Trainee: 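The structure follows.
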Amino acid sequence: MILDANQIASIRQHNDEELRRGGRATPGYPAHTVKNLLHTIEALKQEKRKWKKLAQARGKALDAIAALAARADASDERSGNAWQDRPGGDILDADSPTLNARPAGAAAKGD
């Protein structure tokens, strides 16, 4: 059964009245159990809000990464340095010592 906010508020109010009655409460009414269930509902709402905020932050971060990647790709295309055009398809510059580094005395392919 799905309860809306008004129904939950009504249950909370009725339960609070039963708890205030103490010894004169309705026999067999599970006031403490209802109180625990209401606390669980509130905790679940807070968790849902937390995960929703996290998902929104993740979405914003992914959008920012996509924008940076698009800008970098556009910049490479304008300068003629697209990563696909580089030897071996490496993103590093061709002049980078780590890209084409060979052990001392090793010959290049085809030499």
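Because the structure is a prediction, the values reported are computed rather than measured.
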Trainee: Atom CD1 in I11, atom CG in L3: separation rounded to 0.5 Å?
Mentor: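 Answer rounded to 0.5 Å: 5.0 Å.
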Trainee: CG/D4 to OG/S10 distance, rounded to the nearest 0.5 angstrom?
Mentor: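 Taking CG in D4 and OG in S10, the distance rounds to 10.0 Å.
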Trainee: What are the two closest heavy atoms between K35 and N15, and how far apart are they?
Mentor: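 Between these two residues, the closest heavy atoms are N-ND2, 3.5 Å.
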Trainee: Find the distance between CD (E42) and NE2 (H39) and round it off to the nearest 0.5 Å.
Mentor: 9.0 Å
Trainee: Working to the nearest 0.5 angstrom, can you tell me the gap between R24 CZ and E18 CD?
Mentor: 10.5 Å
Trainee: Just how far is it from atom CZ of R58 to atom CG of D63, taken to the nearest 0.5 Å?
Mentor: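 Between R58 CZ and D63 CG, I get 11.0 Å after rounding to 0.5 Å.
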Trainee: Report the C-alpha separation of H14 and Y29 in whole Å, then their side-chain angles, then the decisive distance to 0.1 Å, and conclude whether the side-chain contact (heavy atoms from CB on, under 4.5 Å) test is met.
Mentor: CA-CA 11 Å; H14 178 73; Y29 184 80; 3.2 Å; yes
Trainee: Can you tell which of Q46, E47, K53 makes a side chain to side chain contact (heavy atoms under 4.5 Å, CB included) with K50?
Mentor: E47
Trainee: Are any non-hydrogen side-chain atoms of L19 and H32 less than 4.5 angstrom apart?
Mentor: yes
Trainee: Under the 3.5 angstrom rule, does the side chain of T40 hit a backbone N or O of N36 as a donor-acceptor pair?
Mentor: yes
